[in-house]
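One structure is given below, encoded as structure tokens.
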Amino acid sequence: AGNLASLGEVINHENFAFEKVDICDGPALAEVFLKHQPDGVMHLAAESHVDRSIDGPGDFIKTNIDGTYTLLEASRSYCQRRDRSDSENPDFRFHHVSTDEVYGQLTEFDEPFTEETPYDPSSPYSASKAASDHLVRAWGRTFGLPIVITNCSNNYGPRHFPEKLIPHMILNALAGKPLPVYGDGRQIRDWLFVEDHAQAIDSIFHKGKSGEVYNIGGNNEWKNIDLINFLCYTMDQKLGREEGTSAKLITYVRDRPGHDLRYAIDASKLISETGWRPQVTFEVGLERTVNWYLANQEWLKHVTSGEYLRYYENMYEDR
Ligand code: TYD
């Protein structure tokens, strides 16, 4: 889902450098560490879409588990070398960005996930992220690598790859295509605006304690069908369509296998330790997201061509 077209605003920044490297390629990673001498790693590189993990789990096992292992090893040997050569500044932080899906599913009546909730992943995607979390923890305990793990709820916002619910619905509504609701649409997700997630990662990277886990969430639970209806209403307003036009496109389709009923995050540890709080309400965040997609058709052309289209056309026929 990575896309150079998403980096337009930062690409000329003096603190920015881009290296196209496979995280499963140890020697190439070693070169990147040597060249850039980082103070830390924020590891966000992952296959992240549950439906794709059901269609083909292999890439998820490879990138998320093998890739995390390779990145951990590259960090470990870099730290060993760095501690010897730079005793002034031996600090390093390996921050693994993970998901609340490692905890499995909640019923409507359960308390939200805390950092102590036992792991119980349902999909090949969440199982691969659970495995990578365990590897990161083990590298902390066994090898003393200074690690931190964050488990975040569903993100949304500009530049979201359109395989995920919100951008998928925006693009289909725009094109007058069906809006596929999996199962009965009663599943619940806890939505967080992407910039709030970025702020949380920044706060934890600088203020979080080594070896700790932090849950990140927006305290913003929505049933899928309610969210889709709200999005349809927003789209009708933005496009000057008669109210109810987009909602007519809602189509119930076969449920996702192993579909988790509910995710919800208790972020109180993060809030009390770092002072972070989500800043963007769902109404404002969703409007900013819709505005962004409507204003960035060029970006869409880059991401909705070739392989992406073929994947979705096949998947939709299958359902
Ligand atoms: P998604 O964005 O894939 O995130 P996740 O599976 O990691 O929570 O899906 C969010 C919810 O929306 C999930 O319950 C599945 C549902 N969904 C649909 O009903 N239709 C869709 O086209 C998509 C992509 C998701």
Side-chain angles (χ1 to χ4, degrees), residues 1 44 46-57 60 64 97-108 112-113 120-130 151-175 177-194 197 215-218 220-232 235 246-247 249-265 282 285-286 289 293 303-304 308-309 311-319:
L44 298 99
E47 293 285 346
S48 71
H49 190 46
V50 174
D51 296 322
R52 283 183 194 263
S53 84
I54 296 168
D55 289 352
F60 288 71
N64 298 358
V97 176
S98 189
T99 167
D100 58 358
E101 299 190 27
V102 297
Y103 300 124
Q105 64 173 346
L106 298 167
T107 69
E108 277 190 54
F113 301 127
D120 187 21
S122 304
S123 69
Y125 160 64
S126 51
S128 72
K129 290 299 284 186
N151 298 91
C152 189
S153 63
N154 286 62
N155 279 213
Y156 72 100
R159 302 179 190 80
H160 205 182
F161 196 71
E163 61 194 358
K164 300 285 168 60
L165 176 70
I166 290 180
H168 192 203
M169 295 294 149
I170 294 175
L171 297 195
N172 280 17
L174 196 57
K177 290 186 184 163
L179 308 180
V181 178
Y182 299 171
D184 58 10
R186 293 168 64 85
Q187 295 76 19
I188 296 169
R189 298 292 182 265
D190 177 356
W191 294 92
L192 181 70
F193 192 61
V194 61
H197 188 190
N215 281 351
I216 309 172
N220 176 43
E221 292 181 52
W222 282 78
K223 255 190 199 118
N224 288 343
I225 190 64
D226 295 341
L227 187 158
I228 293 164
N229 272 312
F230 181 45
L231 187 56
C232 285
M235 291 294 290
S246 300
L249 299 168
I250 291 175
T251 310
Y252 288 90
V253 299
R254 182 161 63 81
D255 206 357
R256 172 189 279 173
H259 197 175
D260 285 336
L261 179 65
R262 174 178 169 235
Y263 306 136
I265 280 283
F282 194 57
L286 199 68
T289 305
Y293 280 92
V303 301
T304 54
Y308 165 84
L309 269 190
Y311 176 77
Y312 264 97
E313 274 159 12
N314 292 338
M315 201 174 96
Y316 192 68
E317 274 165 23
D318 185 37
R319 285 173 192 278

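Ligands are counted one by one from 1 in listed order, and the atoms in each one are counted from 1 as well. Numbers for residues simply follow the sequence, beginning at 1.
Taking every heavy atom of Asn154 and a limit of under 4.0 angstrom, the matching atoms of ligand 1 come to 4 (O), 5 (P), 7 (O), 8 (O). Near Val50, meaning under 4.0 Å from one of its heavy atoms, ligand 1 places the atoms 6 (O), 7 (O). Distances below 4.0 Å separate heavy atoms of Met169 from the following atoms of ligand 1: 20 (N), 21 (C), 22 (O). Which parts of ligand 1 touch Glu101 is read off a 4.0 Å heavy-atom cut-off, strictly below it: atoms 5 (P), 7 (O), 8 (O). Distances below 4.0 Å separate heavy atoms of Val181 from the following atoms of ligand 1: 19 (O). Close approach of ligand 1 to His259 (heavy-atom distance below 4.0 Å) involves ligand atoms 13 (C), 14 (O), 15 (C). The His49 neighbourhood of ligand 1 comprises atoms 3 (O), with distances under 4.0 Å to a heavy atom of that residue. Set against the non-hydrogen atoms of Asn224, the atoms of ligand 1 under 4.0 Å away are 11 (C), 12 (O), 13 (C), 14 (O), 16 (C).
The option from Trp191, Trp222, Tyr182, Phe161 that lies nearest to atom 18 (C) of ligand 1, judged by heavy atoms, is Tyr182. The residue among Arg256, His168, Glu163 with a heavy atom at the shortest distance from atom 3 (O) of ligand 1 is Arg256.
In this structure, the side chains of Leu231 and Ile170 come closer than 4.5 Å at one or more pairs of heavy atoms. At least one side-chain heavy atom of Glu108 sits under 4.5 Å from a side-chain heavy atom of Ile188.
Using cut-offs of 30° and 60° on the angle between ring planes, the pair His259 and Tyr182 is perpendicular. The aromatic rings of Trp191 and Tyr156 stand perpendicular to each other, their planes meeting at an angle above 60°, with 30° marking the opposite boundary. In this pair, Trp222 and Phe230 present their aromatic rings parallel. The plane angle is below 30°, not in the 30 to 60° band.
Without hydrogens or angle criteria, Asn224 side chain to Arg186 main chain gives no donor-acceptor distance under 3.5 Å. Between the side chain of Tyr293 and the backbone N or O of His160 there is at least one donor-acceptor pair closer than 3.5 Å. Between the side chain of Asn220 and the main chain of Leu192, no donor-acceptor pair closer than 3.5 Å is present. The closest donor-acceptor contact from the side chain of Asn154 to the backbone of Arg189 lies at 3.5 Å or more, if one exists at all.
The pair Arg52-Glu163 meets the salt-bridge criterion, since a charged nitrogen lies less than 4.0 angstrom from a carboxylate oxygen.
In terms of N/O distances under 3.5 Å, ligand 1 is approached by Leu165. Every N/O-N/O distance between Asp51 and ligand 1 stays at or above 3.5 Å. Where the criterion is an N or O separation shorter than 3.5 Å, residue side chain and backbone included, Tyr263 fails it with respect to ligand 1. Checked against a 3.5 angstrom limit, the closest N/O atoms of Pro180 and ligand 1 fall inside it.
Within the 4.0 Å heavy-atom criterion, both parts of Lys164, backbone and side chain, lie near ligand 1. By the criterion of a heavy-atom distance under 4.0 Å, neither the backbone nor the side chain of Asp260 is placed next to ligand 1.
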